[in-house]
Protein chains: 2
Amino acid sequence: MLAPERQKFILDELAKEGAVTVSRLAQSLGVTEETIRRDLEKLEKAEGLRRTHGGAVPIEGTSYELSLEKRKATNVEAKKKIAEIAASYVFSGDTIFLDASTTTFFMAKELKNLKNITVITNSLRVLAELSSCEHIKLISVGGIVSANQSFVGSLSERSIKESFFANKMFFSSKGVSKEIGILESNEQECGIKQNMLANSECKFFLCDSDKIGRVSFAKLASLADIDYLITDKVPDEEFVMALKDKNVQLITE
Amino acid sequence: MLAPERQKFILDELAKEGAVTVSRLAQSLGVTEETIRRDLEKLEKAEGLRRTHGGAVPIEGTSYELSLEKRKATNVEAKKKIAEIAASYVFSGDTIFLDASTTTFFMAKELKNLKNITVITNSLRVLAELSSCEHIKLISVGGIVSANQSFVGSLSERSIKESFFANKMFFSSKGVSKEIGILESNEQECGIKQNMLANSECKFFLCDSDKIGRVSFAKLASLADIDYLITDKVPDEEFVMALKDKNVQLITE
DNA sequence: ATATAATGCTTGCTCCTGAAAGACAAAAGT
DNA sequence: ACTTTTGTCTTTCAGGAGCAAGCATTATAT
């Protein structure tokens with residue numbers, strides 16, 4: 001592999017992941033860490049990135065793609081952790097819904113090595129992530145592509161309602177409160193998720209701790225509608241009680 | 001093999017793979033590395049590529065996306081030219097179908113700067129390419145994701161048939177013959193394209209010269225069904241006559 | 001047949017990569 | 001707060017792969 005190829009790969013990885021480590025790059029590219037460091041050195045000089053201990057991060061304020069990612073990328077570590085936990089609840093033979101959220105995108109990465117599963121999604125990013133996996137049956141709802149990189153609109157909703165059923169659903173939202181339930185700020189996404197909920201047996205709500213207690217304007221579902229809530233740390237006691245009361249199982253590990 | 005042939009091969013390979021090495025080229029072309037280096041030198045002067053140690057990579061800004069997924073595309077230069085011509089037939093206000101082919105993917109890149117157009121496609125790669133364009137209304141058919149990075153299956157066909165209509169359609173196929181018409185090797189893609197054809201007013205068939213005379217097993221449409229055939233160079237006279245006979249307008253520039 | 005261009009070959013040189021050793025920084029234990 | 005430990009970084013060097021240049025050879029054209 002040629003040096004510029006490698007460097008391009010590094011920039012790609014950086015844009016995709018938000019950060020890269022020397023050791024991981026060395027492993028994925030099959031060269032020594034010294035070579036990676038030299039590449040990073042060059043790229044830093046060319047203003048392509050900023051080096052850090054152990055790896056590199058993007059230059060501040062670069063590609064809009066990144067800023068878009070970054071905007072959504074609050075609480076990334078928590079989301080990755082939740083995604084990992086959620087993925088461990090997917091087994092061979094499952095048919096699952098994934099909505100269009102950052103957390104389910106991370107989850108898709110974790111699912112890549114599973115075999116004999118069917119994934120139905122309205123997320124362009126999940127599709128792109130899983131489309132190369134031969135052993136995963138991947139189904140997309142159609143519809144209008146939103147700014148959110150997802151398919152929305154009446155066609156999407158209708159196709160879910162009429163054509164797709166899953167035994168598990170994994171989704172996220174803007175917020176959740178113990179009084180109101182699960183809240184969303186985007187009506188279109190809300191419609192999609194409601195249709196998915198209606199057609200799935202077992203519902204997993206992926207909710208990083210920042211979102212607990214946060215209220216948004218549209219109600220997506222009530223707590224009683226879901227079966228599991230996966231989050232990154234144990235919420236306050238009142239919230240835990242509310243979950244127990246609504247028969248929602250809390251998963252934090 | 002003549003020098004210009006070799007150089008065309010090199011550019012093709014470059015576009016296909018994202019990078020080329022001197023040693024591999026020398027082997028595939030059956031010449032020494034010196035000859036390859038001289039070719040690369042010329043091509044670099046002509047701004048066709050950038051040389052590096054051990055090989056060459058594309059000029060910055062071109063086909064960056066290709067390095068991500070290796071494709072088996074052939075005749076890349078011709079396809080890009082055809083894509084460019086095709087894009088010049090799209091105007092503000094149009095609603096167009098794009099199928100899932102390499103040529104329409106290149107075409108999508110050319111469409112990025114247009115405003116007020118609606119694109120309906122079953123190609124994941126076209127979607128990914130255009131999803132960041134705020135000023136393009138982008139619609140996806142749903143369905144099963146095929147190995148071809150496209151949506152296929154009955155759901156796709158039904159959603160096209162029932163929900164989508166366009167004033168122009170741009171598509172490609174595996175081959176075309178003056179006796180039989182337009183041929184496809186993939187039944188699923190074939191079904192999608194036929195449904196798109198049925199729901200569009202003006203049909204543009206994008207056909208690089210390699211495909212003329214090539215026969216495949218499934219008939220997609222007859223020549224009389226299309227309105228325009230866009231290709232990279234004027235075909236042989238018999239084929240041109242056949243087009244004229246079927247009232248198909250030939251576009252080569 | 002001769003001139004011109006293209007290709008192949010050889011030589012010395014350059015650049016890239018990987019390995020090793022020491023410097024440095026961050027994290028953890030005392 | 002200090003030291004230890006661990007991991008990362010820089011520097012240096014050597015081997016090897018790739019390269020430019022000049023010349024010999026072959027192909028092509030006039």
Side-chain angles (χ1 to χ4, degrees), chain A residues 1-60 62 73 75-78 80-81 84 232-233 253, chain B residues 1-60 62-64 66-68 70 77:
Chain A
M1 176 174 266
L2 300 165
E5 266 186 290
R6 244 185 359 245
Q7 288 160 19
K8 196 174 287 181
F9 179 90
I10 293 173
L11 289 178
D12 274 354
E13 204 66 9
L14 201 55
K16 220 191 295 178
E17 302 289 335
V20 292
T21 67
V22 174
S23 57
R24 268 201 19 172
L25 285 173
Q27 202 174 354
S28 5
L29 289 167
V31 295
T32 59
E33 305 196 345
E34 283 69 26
T35 304
I36 298 296
R37 289 200 187 91
R38 280 187 269 249
D39 285 338
L40 293 181
E41 204 173 344
K42 267 196 199 125
L43 288 170
E44 181 168 46
K45 242 179 218 156
E47 311 265 309
L49 48 74
R50 218 185 73 230
R51 292 189 65 186
T52 64
H53 263 254
V57 294
I59 294 257
E60 307 293 326
T62 45
N75 224 357
V76 174
E77 288 312 312
K80 283 187 177 165
K81 185 183 166 190
E84 201 178 327
D232 50 310
K233 57 188 176 203
E253 196 53 59
Chain B
M1 177 175 267
L2 285 83
E5 259 185 290
R6 239 182 8 239
Q7 289 163 17
K8 181 173 172 331
F9 179 88
I10 293 174
L11 287 178
D12 216 40
E13 203 67 8
L14 197 58
K16 208 195 297 184
E17 301 290 336
V20 292
T21 66
V22 174
S23 59
R24 270 203 18 177
L25 284 173
Q27 204 174 351
S28 341
L29 291 166
V31 295
T32 59
E33 305 196 344
E34 283 65 34
T35 304
I36 299 297
R37 289 202 187 90
R38 278 185 270 251
D39 285 337
L40 293 182
E41 202 173 349
K42 265 190 202 135
L43 289 169
E44 181 169 46
K45 244 179 216 154
E47 310 262 311
L49 48 73
R50 214 185 80 225
R51 291 191 65 187
T52 70
H53 250 255
V57 294
I59 294 265
E60 311 289 324
T62 62
S63 70
Y64 142 90
L66 296 181
S67 61
L68 291 179
K70 293 201 176 172
E77 293 305 317

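These figures come from a predicted structure and were not determined experimentally. Within every chain, numbering begins at 1; the chains are lettered A, B, ... in the order of the sequence lines, protein sequences first and strands thereafter.
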Q: Taking the side chain as every heavy atom from C-beta outward, state whether A:V31 and A:M1 have any atom pair closer than 4.5 Å.
A: no
Q) Side chains of A:V20 and A:L49: closer than 4.5 Å at any heavy-atom pair? A) no
Atom [atom1] in [X], atom [atom2] in [Y]: separation rounded to 0.5 Å?
X	Y	atom1	atom2	result
A:Q7	A:I36	CD	CD1	9.5 Å
B:K8	B:D39	NZ	CG	14.0 Å
A:S28	A:F9	OG	CZ	5.0 Å
A:R38	A:L43	CZ	CG	14.0 Å

Q.
By nearest heavy atom, map B:D39 and A:K42 onto DNA chain C; which one lands nearer the 5' end?
A.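 Closest to the 5' end, via its nearest nucleotide, is B:D39.
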(Q) Let me check the geometry of the helix from C:dA1-D:dT30 to C:dT30-D:dA1. What is the bend angle between the axes at its two ends, five pairs each, to 10°? (A) 30°
Q. Under 6.0 Å from the CD atom of B:Q27, do we count more than 12 heavy atoms belonging to anything else shown?
A.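 No - once you tally the heavy atoms of other residues, nucleotides and ligands closer than 6.0 Å, there are 12 at most.
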Q. Taking CZ from A:R24 and C1' from D:dT8, how many angstroms apart are they, rounded to a whole number?
A. 17 Å
Q: Return the value, rounded to whole Å, for the distance between atom CG of B:L40 and atom C1' of C:dT7.
A: 15 Å
What nitrogen or oxygen pairs link the protein and nucleotides 27-30 of chain D at under 3.5 Å?
none

Q | Selection from C:dG8, C:dC16, C:dG18 that lies nearest to any side-chain heavy atom of B:T35 | A |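 Within the option list, the nearest is C:dG8.
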Q) Do the charged groups of B:E13 and B:K16 touch, with an N to O distance under 4.0 Å? A) yes
Q. Could B:E34 and B:R37 be called an ion pair, given the rule that one side-chain N must be under 4.0 Å from one carboxylate O?
A. yes
Q.
For A:L2 versus B:A19, what's the shortest heavy-atom pair and its separation?
A.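 Closest pair (atom of A:L2, atom of B:A19, distance): CD1-CB, 4.0 Å.
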Write out a two-atom table: protein N or O, nucleotide N or O from nucleotides 11-20 of chain D, distance below 3.5 Å.
unit_1: D:dG18; atom_1: O3'; unit_2: B:G54; atom_2: N; d: 3.0
unit_1: D:dC19; atom_1: OP1; unit_2: B:T52; atom_2: O; d: 3.3
unit_1: D:dC19; atom_1: OP1; unit_2: B:G54; atom_2: N; d: 2.8
unit_1: D:dC19; atom_1: OP2; unit_2: B:R37; atom_2: NE; d: 2.6
unit_1: D:dC19; atom_1: OP2; unit_2: B:R37; atom_2: NH2; d: 2.9
unit_1: D:dC19; atom_1: O5'; unit_2: B:R37; atom_2: NE; d: 3.3
unit_1: D:dA20; atom_1: OP2; unit_2: B:R51; atom_2: NH2; d: 3.4

Q.
For A:E33, run the side chain to side chain contact (heavy atoms under 4.5 Å, CB included) check against A:L25, A:V22, A:T21 and tell me which one passes.
A. A:V22
Q: Verify the contact: side-chain N or O of A:T32 to OP1 or OP2 of C:dG18, cut-off strictly under 4.0 Å; return yes or no.
A: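 Yes, within the criterion.
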